[in-house]
Amino acid sequence: MLKQIYRWFCYIGIHRYDIIDTKYGFGAAGSTETVKCKDCGIAKIRQKKN
C-alpha cells in the first residue's frame, strides 16, 4: 500500500531522492550531485546544495 502511494507521488513529480555520487569543483560549475529516486529509478544531476 505504501509503495503505491510513493509511486503516485513520483507520477505527480514528488520524488524521494538518494545521493549516488558527489563531485567537488571550483569556479562557475561548482560541486554537483548525482541523485536517483528510490521508488521509480529516475536519475539526474543537480548542483550541490550548501
Side-chain angles (χ1 to χ4, degrees):
M1 179 71 176
L2 192 59
K3 184 74 172 175
Q4 291 175 346
I5 293 172
Y6 287 140
R7 292 291 294 191
W8 185 76
F9 282 148
C10 287
Y11 180 73
I12 62 171
I14 302 171
H15 298 278
R16 296 188 316 148
Y17 287 117
D18 190 24
I19 298 173
I20 303 297
D21 185 32
T22 303
K23 294 184 181 181
Y24 298 99
F26 298 98
S31 301
T32 58
E33 294 178 331
T34 304
V35 293
K36 184 176 181 181
C37 181
K38 295 177 183 179
D39 301 312
C40 64
I42 191 170
K44 70 180 201 174
I45 299 172
R46 67 180 181 191
Q47 189 173 7
K48 185 176 180 186
K49 297 179 182 176
N50 291 334

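Everything quoted here is computed from the prediction, not taken from an experiment.
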Visitor: When the side chains of residues 5-31 are checked against the rest of the protein, which donor-acceptor pairs come out under 3.5 Å, sequence neighbours left out?
Guide:
unit_1, atom_1, unit_2, atom_2, d
R7, NH1, D39, O, 3.3
R16, NE, D39, OD2, 3.1
R16, NH2, D39, OD1, 3.1
Y24, OH, K48, NZ, 3.4

Visitor: Any chance you could measure K44, atom NZ, to T34, atom OG1, to the nearest 0.5 Å?
Guide: 11.5 Å

Visitor: How many angstroms lie between CD in Q47 and CD in E33, if you round to the nearest 0.5 Å?
Guide: 10.0 Å

